[in-house]
Amino acid sequence: MKKTAVVYYSMSGNTDYVSKKICELTGAELIRINPVKEYPSKGFKKFLWGGKSAVMKETPALEKYSFDAKEYDLVVLGSPVWAGTFSPPVRTFVKENKDKLQNKKIASFFCSSGGDASKAAEKLKNFIGISDFEDVLTLVDPKDREKGGDLEKISSFCKKITDSDE
């Protein structure tokens, strides 16, 4: 069985919820990344600051985290969707580890409050500089609006990424 890391950022808890489910189902190691300066999590400032940061492709400083790409066969990147793209903390993580991610198998998942997250996946894939992900999972507010199909989607995603070498 290959060794997997789930690296993610979560503001409202949806990406955290999915990350933990993936780890439960795959035995992956959980690595949460957080910006040194947290984003506002409520009201207009949340959308203004977070959206501006995403659109401007900012790379906020991250709190110390432990990640050694050599330890993993597969890296799963998880992000909320902000302004149609992946979150700035994930941008920082990829920027800091871009060279180390080039020869890794990479999967991704995105949590949004609605709409199509495929553009965010495409932007992340292009930013990493890879031709494709092992798989991509997109969910709409899975923690807040848990639907019967979300757990099946997460399970199917886990099966696909763990079976990709076999």
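Start at 1 with the first residue, then count along the sequence.
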* Considering non-hydrogen atoms only, spot the tightest contact between Phe109 and Thr15 and give its length. => CE1-CG2, 3.5 Å

* Taking every non-hydrogen atom, the tightest pair across Cys23 and Ala28 -> SG-O, 3.5 Å

* Once you round to the nearest 0.5 Å, how far does NZ of Lys119 lie from OG of Ser112? -> 12.5 Å

* Partner set under salt bridge (charged side-chain N to carboxylate O under 4.0 Å, His left out) for Asp135, not counting sequence neighbours -> Lys160

* Can you name the residues that form a salt bridge (charged side-chain N to carboxylate O under 4.0 Å, His left out) with Lys125, not counting sequence neighbours? -> Glu122

* Asked: Roughly how far, to the nearest 0.5 Å, is the CG atom of Asp150 from the CG atom of Leu137?
  -> 8.5 Å

Listing, residues 96-104 side-chain donor-acceptor contacts under 3.5 Å, not counting sequence neighbours, or none:
from	atom 1	to	atom 2	distance (Å)
Glu96	OE1	Tyr65	OH	2.5
Asn97	ND2	Tyr65	OH	3.0
Asn97	ND2	Phe93	O	2.9
Lys98	NZ	Phe127	O	2.6
Gln102	NE2	Lys98	O	3.1
Gln102	NE2	Ile128	O	2.7
Lys104	NZ	Ala69	O	2.9
Lys104	NZ	Tyr72	O	2.6

* Without swapping roles, check the side chain of Ser79 against the backbone of Ser87 for a donor-acceptor pair under 3.5 Å. => yes

* Distance, nearest 0.5 Å, that separates CD1 of Ile130 from CD1 of Ile106 -> 4.5 Å

* Structure fact -> Pro89 and Ile33 have their tightest heavy-atom pair at O-CD1, 3.4 Å

* Structure fact -> For Val76 and Thr4, the nearest pair of non-hydrogen atoms, with its separation, is CG2-CG2, 3.9 Å

* Asked: Any side-chain heavy-atom pair from Tyr9 and Asn34 closer than 4.5 angstrom?
  -> yes

* **Test side-chain contact (heavy atoms from CB on, under 4.5 Å) applied to Thr138 - qualifying residues, sequence neighbours left out** => Phe110, Ala117, Val136

* How close do Phe67 and Ala5 get, heavy atom to heavy atom, and via which atoms? -> CE1-CB, 4.3 Å

* Structure fact -> Output for pair (Leu25 CG, Cys158 SG), nearest 0.5 Å, gives 4.5 Å

* To the nearest 0.5 angstrom, please state how far the CD1 atom of Ile22 sits from the OG atom of Ser155. => 11.0 Å

* Asked: If you measure from CD on Glu24 to OG on Ser19, what distance do you get to the nearest 0.5 Å?
  -> 11.0 Å

* Evaluate the side-chain proximity of Ile154 to Leu139: yes if any heavy-atom separation is below 4.5 Å, no if none is. => yes

* Asked: Does Arg91 have any salt bridge (charged side-chain N to carboxylate O under 4.0 Å, His left out) partners at least two apart in sequence or in another chain, and if so, which?
  -> none

* To do: Would you indicate whether the side-chain heavy atoms of Tyr8 and Val18 approach each other to under 4.5 Å?
  => no

* To do: Sequence neighbours left out, what pairs pass salt bridge (Lys or Arg N to Asp or Glu O under 4.0 Å) with at least one residue falling in residues 5-16?
  => Asp16-Lys20, Asp16-Arg32

* To do: With sequence neighbours left out, write down each residue that passes salt bridge (charged side-chain N to carboxylate O under 4.0 Å, His left out) with Glu63, or none if nothing qualifies.
  => none

* To do: Tell me, please, which residues at least two apart from Ser156 pass side chain to side chain donor-acceptor pair (under 3.5 Å).
  => none

* To do: Would you name the heavy atoms of Ser108 and Leu124 that are closest together and state the gap between them?
  => CB-CD2, 4.3 Å

